[in-house]
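Have a look at the structure below, then the notes.
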Amino acid sequence: MGIPVPLRESLHDPAFWARYTFAAEDGPGADRLGVLAELLDEDDDEDDERDSALNVTFDVGGGHLVLLDVDTRLGSYELGITGPGFAEPAELGWDDLAHWHPYALRWSEVDLICRAVAVRDPLLSHPGAPIALLCRFAAVFEDDDVDAAVASVDAAYGALRPRGWDGYWPSGADWLERADFRGQQVVWHRDEAGNRWAEQDDDHDADFYSTRVTPPTEAEERFPHTRLRKLLAAAATTVSTGCRP
């Protein structure tokens, strides 16, 4: 459970973050790669046969877990959840370079999750590795404190940066470039149970790629609204009570 050792070591490696954030694929931050770009190309040639899949588990309390599958060689990242009473995990979203649907969480939700993780495991401080890894699945909108969100992501990345390293490193501004949906006509809805989902109206520049775009009554099988609501409730309880294992 937690972050596997190979990934823990990679969290301090600029090459890992260049791949994880897609800076290595001309994503945000690509203009700062410098000599690291050549090293990434060489590593890609050498690592074609390496099994690069890693599984991360974040415990928010009450038996609820956030699951992150990381494969930097394939450029594929998947987010899921599991909890009491469910035999199989439920998928929330995924990010890749083909048919991405990463935006499963609002900023306040990922922040709550990471605060709960920090309570459950003091070694995973907040803001730190959980925010740095999970922020790719969160977007911001008009009602978010975007400056605070960017500062939190910056702090999370900064906590992992090796002492004295002044080369490429991801930033909160890089994250915001992909996560900012202010002015993109995304409207959020809430039902009586507290489930939330979004719709994107016409007249926008950036498409909101998410599976969280239909009400629970229409498509619970497409997005696990109930399971996410229960996980967030468990995370809120953990944060409010300071409950550790």
Side-chain angles (χ1 to χ4, degrees), residues 22 55-58 60-71 74-114 116-117 130-131 133-146 149 175-237:
F22 295 150
N55 305 115
V56 183
T57 303
F58 291 123
V60 304
H64 293 272
L65 306 173
V66 176
L67 311 174
L68 173 64
D69 295 339
V70 174
D71 194 325
L74 296 179
S76 176
Y77 311 102
E78 299 178 5
L79 183 68
I81 56 175
T82 190
F86 296 100
E88 297 294 331
E91 184 178 57
L92 295 184
W94 65 93
D95 205 2
D96 56 30
L97 294 169
H99 303 290
W100 57 93
H101 278 66
Y103 304 114
L105 299 170
R106 292 182 58 100
W107 170 256
S108 59
E109 294 169 344
V110 77
D111 182 68
L112 172 63
I113 286 168
C114 293
V117 169
I131 277 283
L133 289 168
L134 295 178
C135 67
R136 72 177 316 126
F137 296 101
V140 293
F141 308 91
E142 283 80 2
D143 57 343
D144 286 310
D145 185 341
V146 177
W175 165 73
L176 185 63
E177 192 170 330
R178 296 189 74 215
D180 192 352
F181 282 89
R182 290 174 296 177
Q184 298 303 317
Q185 308 303 318
V186 178
V187 179
W188 281 87
H189 306 279
R190 183 197 297 268
D191 65 14
E192 292 182 357
N195 299 307
R196 303 195 71 180
W197 68 96
E199 291 180 308
Q200 188 172 36
D201 294 340
D202 295 336
D203 192 23
H204 58 266
D205 299 316
D207 289 329
F208 181 64
Y209 289 114
S210 174
T211 61
R212 195 176 177 179
V213 291
T214 48
T217 54
E218 295 180 13
E220 184 75 27
E221 71 279 0
R222 290 188 58 192
F223 188 88
H225 289 281
T226 300
R227 294 170 71 168
L228 176 60
R229 190 182 76 247
K230 291 181 177 180
L231 180 142
L232 293 172
T237 297

Could you grab the distance from atom [atom1] of [X] to atom [atom2] of [Y], nearest 0.5 Å is fine?
X: R222; Y: T211; atom1: CZ; atom2: OG1; value: 7.5 Å
X: L105; Y: L112; atom1: CG; atom2: CG; value: 10.0 Å
X: L92; Y: H225; atom1: CG; atom2: NE2; value: 10.5 Å
X: T226; Y: N195; atom1: OG1; atom2: CG; value: 5.5 Å
X: F58; Y: L68; atom1: CZ; atom2: CG; value: 6.5 Å
X: T214; Y: H189; atom1: OG1; atom2: NE2; value: 11.0 Å

Okay, side chain of [X], backbone of [Y]: is any donor-acceptor separation there less than 3.5 Å?
X: D96; Y: W100; answer: yes
X: Q185; Y: H204; answer: no
X: W175; Y: C135; answer: yes

Residue pair [X] / [Y], side-chain heavy-atom distance below 4.5 Å:
X: L176; Y: R182; answer: yes
X: H64; Y: I113; answer: no
X: V66; Y: L79; answer: yes

More than 12 foreign heavy atoms under 6.0 Å from CG of D207: is that the case here?
-> yes
Around atom NE2 of H99, are there more than 12 heavy atoms of other residues, nucleotides or ligands at under 6.0 Å?
-> no
Tell me, with the steps shown, if V117 and V60 meet side chain to side chain contact (heavy atoms under 4.5 Å, CB included).
-> CA-CA 5 Å; V117 169; V60 304; 4.1 Å; yes
If every non-hydrogen atom of R229 is compared with every non-hydrogen atom of G194, which pair is closest and at what distance?
-> CD-C, 4.1 Å
Are W197 and F223 an aromatic pair by the rule of ring centers under 6.0 Å?
-> no
Are D95 and R178 ion-paired here, with the side-chain N under 4.0 Å from a carboxylate O?
-> yes
Which residue, F208, Y77, F137, W94, forms the ring-ring contact (aromatic ring centres under 6.0 Å, His included) with H101?
-> W94
Partner of Y103 under ring-ring contact (aromatic ring centres under 6.0 Å, His included), picked from F141, F181, Y209, is F181
With sequence neighbours left out, what residues match E109 under salt bridge (Lys or Arg N to Asp or Glu O under 4.0 Å)?
-> R212
